[in-house]
Amino acid sequence: MTIGLFVWLAITMLIGYAAVSAIWPAQAPRRLPIATVRLALAIGLGMGIGSCAQFIALVLFGPVRLPAVGADVVVLVLLVLLARVRARRTPGSGAGLPMPAPPGRLDRTMGWGMLGLLAIALITTVAFVLETPQGNWDAWGIYNLTARFVYLGGATWHHAFSQVLGIHPDYPLL
C-alpha cells in the first residue's frame, strides 16, 4: 500500500515536471529561485493532472486499478514528448541575456527570512497533519466520505454524488 502510494506520487510529480517543462522550457543559466517556482508548479500541476487522469480512467473503465495507472503513464509519456519538442524549438543558450547583479545584503537577509518562514510553515503543517491525520469535520463529512464512496463503491461509485446523501454534490471532487 505504501509503496503504491510512493509510486503514484513519483508518477504525478514527473507528470507535473513534464507539464511545467512543456509550458515553460528551461532557459540557461539555471537559477535556484526559478527552479523553486518550477518545482512548486510541478507539484500542483502533477497532482491536478494525475487526479483528472484517474477520474477519467474511472469513468471510462470502472473501478479497475490497472487502467488508472496506465492513464497516468500515458499522460506522462505524452507530456515528456511535448516537453522535448518544445525544448528543441526554444533556444536555450541565453547568450543574449545580461547576467544579473549578485544579490546584496538586503536580498540575502530577505532570502534567509523567507527560508525561516518556510521552515515554520512546514513544521506547523507537519504538526497539524500528525495531530489530525484525517482532517477536521469538513474533511470527514464531505471529502473523505466522497472519496470512500468513489474508491470503494465499485460499479456504483457515482452514487457518491447523489443528493440523497446530502454531502454537497456540487463540491469539487476531492
Side-chain angles (χ1 to χ4, degrees), residues 1-27 30-87 90 114-115 117-154 157-161 165 167-174:
M1 176 81 172
T2 305
I3 293 173
L5 177 64
F6 284 123
V7 168
W8 180 79
L9 283 173
I11 290 173
T12 56
M13 294 306 139
L14 289 173
I15 287 172
Y17 186 77
V20 169
S21 296
I23 295 168
W24 185 9
Q27 300 287 326
R30 296 183 183 206
R31 298 271 185 224
L32 183 61
I34 293 173
T36 305
V37 170
R38 289 172 62 99
L39 178 64
L41 290 173
I43 292 170
L45 275 175
M47 291 289 184
I49 293 170
S51 296
C52 289
Q54 294 286 337
F55 182 72
I56 290 169
L58 181 65
V59 169
L60 293 178
F61 303 109
V64 181
R65 297 289 170 233
L66 191 57
V69 173
D72 280 348
V73 172
V74 167
V75 168
L76 176 60
V77 168
L78 290 174
L79 284 171
V80 166
L81 291 174
L82 179 64
R84 293 190 78 156
V85 168
R86 285 284 306 245
T90 304
M114 291 304 292
L115 282 176
L117 290 174
L118 176 65
I120 291 170
L122 286 174
I123 290 169
T124 304
T125 301
V126 168
F128 178 74
V129 167
L130 291 175
E131 183 180 325
T132 56
Q134 299 297 320
N136 286 329
W137 69 269
D138 57 341
W140 304 330
I142 299 169
Y143 296 107
N144 292 2
L145 184 61
T146 304
R148 289 186 66 79
F149 273 114
V150 169
Y151 185 73
L152 300 173
W157 65 269
H158 58 277
H159 289 282
F161 306 104
L165 297 175
I167 55 171
H168 301 284
D170 58 332
Y171 274 30
L173 181 62
L174 306 178

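This one's a predicted model, so the numbers in the text were calculated from it and none came from an experiment.
For the atom pair CZ of F55 and CG of L60, the computed distance is 10.0 Å after rounding to the nearest 0.5 Å. Expressed to the nearest 0.5 Å, how far CG of L118 lies from CD1 of I123 amounts to 9.5 Å. In this structure, T12 OG1 and L45 CG are separated by 11.5 Å, a value rounded to the nearest 0.5 Å.
Using a 4.5 Å heavy-atom cutoff, the side chains of I23 and L41 are not in contact.
Across I43 and M13, no two heavy atoms sit closer than the pair CG1-SD, 3.7 Å. Closest approach of L79 to A18, counting heavy atoms only: CB-CB, 3.6 Å.
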